[in-house]
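To keep things clear, I will list the structure first and then write my remarks on it.
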Amino acid sequence: MGNTTACLLISCPDKQGLVAKIANFIYSNGGNIIHADQHTDFGTNFDNSLFLTRIEWQLDGFNLPRDLIEPAFNAIAQPLEAKWELHFSDSIPRIAIWVSKQDHCLLDLLWRHRAKEFVAEIPLIISNHLNLKEIAEQFNIDFHHIPITKETKLEQEQKQLDILSKYNINLVVLAKYMQILSNDFVAQFPQIINIHHSFLPAFIGANPYHKAYERGVKIIGATSHYVTADLDAGPIIEQDVVRISHRDTVGDLIRKGKDLERMVLARAVRLHLKNRVLVYGNRTVVFE
């Protein structure tokens, strides 16, 4: 197994002895813990606090075969009323990047992938326009053009789902894909990361940077989040901001906004691929 590790992301009602119980599961089976982090969310009621943890250990020397880890830990997790995920470091996720006409987030992700900043395969790009097909060809990635209209939306979304299944995609990254996904689509494929400017909900619709310029904003930002049925209101993974001067033009705002979107989306994708994001309710704990 070499340097292969296993990672558990766990959330459950808080009680005494949880850290010891989880760590003992690994220790008693000969595992060596290399990373462990935890957080207790007390919310507004200390009687209903939630325990959240990420624990990673080496599989070299671990006594349980890989296929038995899940059922063995489930016997511990059920009495704890725990929600949990098990991941292995040698499992290579397959990503589909969705785009419309803007190329800055797409190119950034492709260059970072080529530079081996994150471990994944990117076999597929889907777009509702043909503008970025040439980029897909440059990187030898399959490109599927699926135009969307109000009348064809459900039919085209089914085509998209079929393509994701055909390519065995684990994660969809909306890299400035300017279409709203239906609730039904999200229910069938919930592993989706989005990026958008952080003017919402103040400057809704087209030309947000022009509207922000007219208001004389002093800070602009970007937000990357998981997609849910609530538009642009899913659990937030990563955010960042940059200050704006009265000397900045609309063009400066757009340039700074694109820089932020590139960085924030890349961080969010990297954190997800490293299994460092634990979603609970409409919030996240990010174990960095």
Side-chain angles (χ1 to χ4, degrees), residues 1-95 117-120 170-171 187 189-193 224-228 234-239 267-288:
M1 292 184 183
N3 295 321
T4 304
T5 63
C7 172
L8 278 168
L9 291 168
I10 308 165
S11 63
C12 64
D14 189 32
K15 61 182 69 175
Q16 289 183 336
L18 288 174
V19 174
K21 189 179 292 289
I22 296 167
N24 187 62
F25 166 75
I26 298 168
Y27 169 74
S28 63
N29 287 291
N32 179 42
I33 296 171
I34 57 173
H35 294 291
D37 202 350
Q38 67 190 67
H39 172 67
T40 302
D41 188 335
F42 294 104
T44 58
N45 186 344
F46 279 71
D47 294 330
N48 294 314
S49 56
L50 192 66
F51 175 78
L52 307 111
T53 188
R54 179 188 187 275
I55 190 163
E56 185 176 4
W57 71 97
Q58 294 173 320
L59 285 179
D60 189 20
F62 195 61
N63 297 330
L64 285 177
R66 184 181 299 212
D67 59 339
L68 294 184
I69 297 175
E70 184 169 332
F73 184 74
N74 192 52
I76 296 172
Q78 281 191 340
L80 302 178
E81 302 176 68
K83 297 179 181 179
W84 57 283
E85 305 170 12
L86 175 64
H87 302 278
F88 298 103
S89 63
D90 60 357
S91 296
I92 309 300
R94 291 171 62 83
I95 300 174
E117 287 191 17
F118 53 81
V119 179
N170 307 110
L171 175 69
F189 195 99
Q191 292 282 21
I192 309 169
I193 293 176
S224 187
H225 62 92
Y226 290 113
V227 174
T228 64
I236 293 171
I237 307 169
E238 179 64 28
Q239 292 180 298
R267 290 177 198 158
V269 170
R270 187 183 301 112
L271 288 166
H272 174 90
L273 293 176
K274 288 187 173 183
N275 305 307
R276 293 190 174 274
V277 186
L278 198 165
V279 177
Y280 65 108
N282 200 45
R283 305 184 64 187
T284 62
V285 169
V286 179
F287 296 108
E288 295 193 64

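Residues take their numbers from the sequence shown, with the count starting at 1. Quantities reported herein were computed from a predicted structural model and do not represent experimental measurements.
Taken to the nearest 0.5 Å, the CG atom of Leu52 stands 10.0 Å off from the CD atom of Gln38. We find the CZ-CD1 distance between Arg267 and Ile237 to be 13.0 Å, quoted to the nearest 0.5 Å. If you take CG on Leu59 and OG on Ser89, they are separated by 7.0 Å, rounding to the nearest 0.5 Å. Atoms CG and OG1, on Leu18 and Thr53 in that order, are 9.0 Å from each other to the nearest 0.5 Å. Distance CG/Leu68 to CG/Asn63: 11.5 Å, rounded to 0.5 Å. Atom-to-atom distance recorded for Cys12:SG and Ile22:CD1 is 6.0 Å, nearest 0.5 angstrom.
A pairwise comparison of heavy atoms in Leu50 and Pro13 identifies CD1-N, 3.9 Å as the closest pair. Across Asn29 and Phe25, no two heavy atoms sit closer than the pair ND2-O, 2.7 Å. For Phe118 against Ile95, the heavy-atom pair with the smallest separation is CE1-CD1, 4.4 Å. Nearest heavy-atom pair, Ile34 versus Thr5, reported as atom, atom and distance to 0.1 Å: CD1-CG2, 3.6 Å. Residues Ser49 and Phe42 come closest through the heavy atom pair CB-CD2, 3.6 Å.
Within the 4.5 Å cutoff, side-chain heavy atoms of Leu8 are placed close to those of Trp57.
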Side-chain polar contacts of residues 69-88 - donor-acceptor pairs under 3.5 angstrom, sequence neighbours left out - could you list them?
residue, atom, partner, partner atom, Å
Glu85, OE1, His87, NE2, 2.8
His87, ND1, Asn275, OD1, 3.4

(message) Assess the residue pair His39 and Leu278 against the criterion (side chain to side chain contact (heavy atoms under 4.5 Å, CB included)); give the C-alpha distance rounded to whole Å, side-chain angles, the decisive distance to 0.1 Å, and a yes or no.
(response) CA-CA 11 Å; His39 172 67; Leu278 198 165; over 6 Å; no
(request) Please lay out, stage by stage, how Ile193 and Leu171 fare under the test side chain to side chain contact (heavy atoms under 4.5 Å, CB included). (result) CA-CA 8 Å; Ile193 293 176; Leu171 175 69; 4.0 Å; yes
(request) Please assess Ile10 against Phe51 for the test side chain to side chain contact (heavy atoms under 4.5 Å, CB included), listing each intermediate value before the final yes or no. (result) CA-CA 8 Å; Ile10 308 165; Phe51 175 78; 5.6 Å; no
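Under the side chain to side chain contact (heavy atoms under 4.5 Å, CB included) criterion, Ala23 pairs with Ile33, not counting sequence neighbours. Evaluation of the side chain to side chain donor-acceptor pair (under 3.5 Å) rule for Arg276 yields no partner, not counting sequence neighbours. Evaluation of the side chain to side chain contact (heavy atoms under 4.5 Å, CB included) rule for Pro93 yields Asn170, Leu273 as partners, not counting sequence neighbours. Scored by the side chain to side chain donor-acceptor pair (under 3.5 Å) test, Glu117 finds Arg112, Arg270 as partners (sequence neighbours excluded).
Residue pairs satisfying the salt bridge (charged side-chain N to carboxylate O under 4.0 Å, His left out) criterion with at least one member in residues 16-36, sequence neighbours excluded, are absent.
For His272 and Tyr226, the distance between ring centers is under 6.0 angstrom.
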